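Quick caveat: nothing in here was measured; it's all calculated off a predicted structure.
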Amino acid sequence: MRQSPVERGKITAGQAVLLMVSMVLPTAIMVIPSICIRFAQQDAWISVVLATGLVCLIALVIAALSQKFEGMTLFEYSGQIIGALPSKLLGLLYLWWLLHTNAIIIDEFAAFLCIAIMPDTPFMAFFLLGVTIAAFAVWQGVEVLARFNQILLPPIM
């Protein structure tokens with residue numbers, strides 16, 4: 001019997017970091033600069049440098065934990081670190097954040113394409129295209145998604 005892609009998928013710590021970068025990158029490029037400039041004005045670059053440093057630190061911690069608890073998921077090893085109940089609450093918060101962030105990213109993607117490239121096309125067409133592509137990538141499995149991202153992200157950056 002064939003296992004589902006989710007069950008057989010294994011990714012490296014580096015691939016996990018690249019997936020996190022590619023998830024945050026659209027918001028960092030399209031939304032954050034205007035917010036930084038509005039509040040920090042000429043010092044906006046300091047905000048960007050500090051945020052980049054913090055994100056790199058978080059990515060290093062996650063990569064180190066994934067190597068220390070090799071073969072375990074984030075939810076499994078967080079239970080060993082902070083306990084079962086806090087781990088479940090943290091996992092629910094993480095899943096909510098992940099779904100919320102990705103919904104915003106797809107919305108930004110659709111709005112950008114609708115405004116900048118094809119203004120006569122309905123917004124919902126781009127939104128559904130983004131959701132369909134994301135669903136197909138998830139269906140193929142995290143390993144395929146991580147490999148594709150590892151190849152595609154560096155040239156884009």
Side-chain angles (χ1 to χ4, degrees), residues 1-36 44-82 87-88 90-118 123 125-157:
M1 186 170 170
R2 184 174 170 241
Q3 288 181 322
S4 73
V6 175
E7 291 177 18
R8 71 170 193 262
K10 301 283 184 197
I11 62 171
T12 66
Q15 288 172 329
V17 169
L18 288 176
L19 281 172
M20 285 185 273
V21 167
S22 67
M23 188 177 75
V24 175
L25 195 60
T27 304
I29 291 171
M30 296 173 71
V31 176
I32 301 300
S34 65
I35 294 170
C36 287
W45 66 274
I46 297 171
S47 303
V48 173
V49 169
L50 291 175
T52 302
L54 182 62
V55 167
C56 288
L57 179 65
I58 291 169
L60 287 173
V61 168
I62 290 172
L65 285 172
S66 70
Q67 287 179 338
K68 181 176 180 176
F69 296 98
E70 192 172 340
M72 297 174 75
T73 67
L74 173 68
F75 301 112
E76 291 171 341
Y77 67 74
S78 68
Q80 288 188 354
I81 296 171
I82 61 174
S87 172
K88 289 186 188 322
L90 188 64
L92 285 174
L93 283 173
Y94 179 71
L95 286 174
W96 176 84
W97 173 80
L98 191 65
L99 289 171
H100 180 72
T101 301
N102 283 301
I104 290 171
I105 289 169
I106 290 174
D107 186 66
E108 290 170 358
F109 165 75
F112 173 75
L113 291 177
C114 192
I115 292 167
I117 297 175
M118 300 176 80
F123 172 81
F126 290 119
F127 192 86
L128 291 175
L129 177 66
V131 170
T132 303
I133 291 169
F136 181 73
V138 169
W139 181 67
Q140 290 297 310
V142 70
E143 188 174 355
V144 174
L145 183 62
R147 286 182 184 168
F148 180 74
N149 188 58
Q150 186 177 20
I151 293 167
L152 192 62
L153 186 63
I156 289 173
M157 290 180 67

Next on the checklist: So which atom in G79 and which in S87 form the shortest heavy-atom distance, rounded to 0.1 Å?
Outcome noted: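 It is N-OG, 3.2 Å.
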
Which value, rounded to the nearest 0.5 Å, describes the distance between [X] atom [atom1] and [Y] atom [atom2]?
{"X": "D107", "Y": "I104", "atom1": "CG", "atom2": "CD1", "result": "8.0 Å"}
{"X": "L65", "Y": "I81", "atom1": "CG", "atom2": "CD1", "result": "4.5 Å"}
{"X": "I151", "Y": "L18", "atom1": "CD1", "atom2": "CG", "result": "11.0 Å"}
{"X": "L92", "Y": "F75", "atom1": "CG", "atom2": "CZ", "result": "8.5 Å"}

Partners meeting side chain to side chain contact (heavy atoms under 4.5 Å, CB included) with [X] (sequence neighbours left out):
{"X": "L128", "answer": "M124"}
{"X": "L57", "answer": "none"}
{"X": "A110", "answer": "F123, F126, F127"}
{"X": "I35", "answer": "V31, R38, F39"}

Checklist entry - S66: what forms a side-chain hydrogen bond (donor to acceptor under 3.5 Å, both in side chains) with it, not counting sequence neighbours? => result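 Per chain and number, S66 pairs via side-chain hydrogen bond (donor to acceptor under 3.5 Å, both in side chains) with no residue.
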
Next on the checklist: Once side-chain hydrogen bond (donor to acceptor under 3.5 Å, both in side chains) is applied, do any residues pair with W97, and if so which ones, sequence neighbours excluded?
Outcome noted: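 T101.
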
Item to check | Qualifying residues under ring-ring contact (aromatic ring centres under 6.0 Å, His included), relative to Y77, sequence neighbours excluded | outcome: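 With sequence neighbours excluded, Y77 shows a ring-ring contact (aromatic ring centres under 6.0 Å, His included) to F69, given in chain and number order.
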
Checklist entry - Which word best sums up how the rings of H100 and W96 line up, parallel for under 30°, tilted for 30 to 60°, or perpendicular for over 60°? => result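 Because their plane-to-plane angle is under 30°, the rings of H100 and W96 count as parallel.
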
Item to check | M118 atom CE: more than 12 heavy-atom contacts under 6.0 Å | outcome: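 Check fails, neighbour count at 12 or below.
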
Next on the checklist: Quick check on F148: does its CZ atom have over 12 non-hydrogen neighbours (other residues, nucleotides or ligands) under 6.0 Å away?
Outcome noted: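 Open: at most 12 neighbouring heavy atoms sit under 6.0 Å from CZ of F148.
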
Item to check | Residue pairs passing the side-chain hydrogen bond (donor to acceptor under 3.5 Å, both in side chains) test where at least one lies in residues 145-157, sequence neighbours excluded | outcome: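 Found Q15-Q150, S22-N149, E143-R147.
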
